[in-house]
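Some notes on the structure that comes next.
For the single chain, residues carry numbers from 1 onward in sequence order. These values consider heavy atoms only, across backbone and side chains, with no hydrogens, waters or symmetry-generated copies.
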Amino acid sequence: VRGLLSTSDKVGRGWSRVDASDNGILPLTSVLSDEGVFVLNPGQYRLTVAGEGSAVGDYSFRVQTSQVTTLEMDLSVPLTGVIDKAGQRNDYTFTLTEPKHFFFDVLSVSNAFGLSWSLTNSLGATLASSTSFLDESSIKLGADSFTFSVRSKADDVGSFEVEFVEVVVEEQSIGLNTSVSGEIDT
């Protein structure tokens, strides 16, 4: 089960989360702030809201399931997508059979601060990411399978259009004290 925990930010109050066996999952925080998307195994959990010191006052929060959509990505065309539910994540997968360099270009985004993106390899290692949906100047990828993920932060939604632009890298050996000239045509 994937979930989303969001709240109004209340200083002086915090929360913690434990499973049915009282194993700590989220230690007591010092503020009630959005936790974002998290993964839970089936079972019962306890969410505790507590005051810090003598702090008292109102609070509100929502725990909801999040949606994950996985689609195949075609690197030859721009990718357009929509995150229209709080906690939603869209995963786009692609495979490279040989190493390539890319420039990641954000063509448009309707809510740059409400959406984030990440690029992971087949082992789940994060290779590049942006919490404010920004361009990435250079991404060198080896032959592997990859997942490009776009997710909402807390209750945010938005649309996006991005493109992985292949960068042709020409390498040549040069000796010391040798002048080099050339032309950049793309």
Qualifying residues under side-chain hydrogen bond (donor to acceptor under 3.5 Å, both in side chains), relative to T97, sequence neighbours excluded: none
Any residue meeting ring-ring contact (aromatic ring centres under 6.0 Å, His included) with Y92, in chain and number order, not counting sequence neighbours: none
I need the D156 CG to L115 CG distance, nearest 0.5 Å. 7.0 Å
Where at least one partner belongs to residues 94-112, residue pairs that pass salt bridge (Lys or Arg N to Asp or Glu O under 4.0 Å), sequence neighbours excluded: K100-E166
Within 6.0 angstrom of F113 CZ, more than 12 heavy atoms from elsewhere: no
With the 4.5 Å side-chain cut-off for hydrophobic clustering, are L119 and L71 part of the same group? yes
Quick one: pull up OG in S138 and NE2 in H101 and give me the separation to the nearest 0.5 Å. 5.0 Å
Just jot down the side-chain hydrogen bond (donor to acceptor under 3.5 Å, both in side chains) partners of T131, sequence neighbours excluded, or say none. none
Who pairs with D91 by side chain to side chain contact (heavy atoms under 4.5 Å, CB included), at least two apart in sequence or on another chain? V68, T70, R89, T147, S149
Side chain to side chain contact (heavy atoms under 4.5 Å, CB included) filter on S145, not counting sequence neighbours, yields T95, S122
Any pair counted as salt bridge (Lys or Arg N to Asp or Glu O under 4.0 Å), so long as it reaches residues 134-146, sequence neighbours left out: none
What distance separates L141 CG from N121 CG, expressed to the nearest 0.5 Å? 9.0 Å
Those residues that, when tested against P78, pass side chain to side chain contact (heavy atoms under 4.5 Å, CB included) (two or more places apart): L107, E161, E163
Supply the members, apart from V180, of the Ile/Leu/Val/Met/Phe/Trp/Tyr cluster built from side-chain contacts under 4.5 Å; use none for a lone residue. I174
Is there a side-chain contact between V162 and V150, using heavy atoms and a 4.5 Å cut-off? no
In short, G158 meets N111 closest at the heavy-atom pair CA-CB, 4.3 Å
Not counting sequence neighbours, which residues clear ring-ring contact (aromatic ring centres under 6.0 Å, His included) with F148? List them please. F104, W117, F164
Quick one: side-chain hydrogen bond (donor to acceptor under 3.5 Å, both in side chains) partners of D74, sequence neighbours excluded? S76
Who passes side chain to side chain contact (heavy atoms under 4.5 Å, CB included) against V82, sequence neighbours left out? D84, S159
Report yes if the side chains of L79 and F94 come closer than 4.5 Å at any heavy-atom pair, otherwise no. no
May I ask whether L134 and V106 are part of the same hydrophobic cluster, defined by side-chain heavy atoms of I, L, V, M, F, W, Y residues being less than 4.5 angstrom apart, directly or through others? no
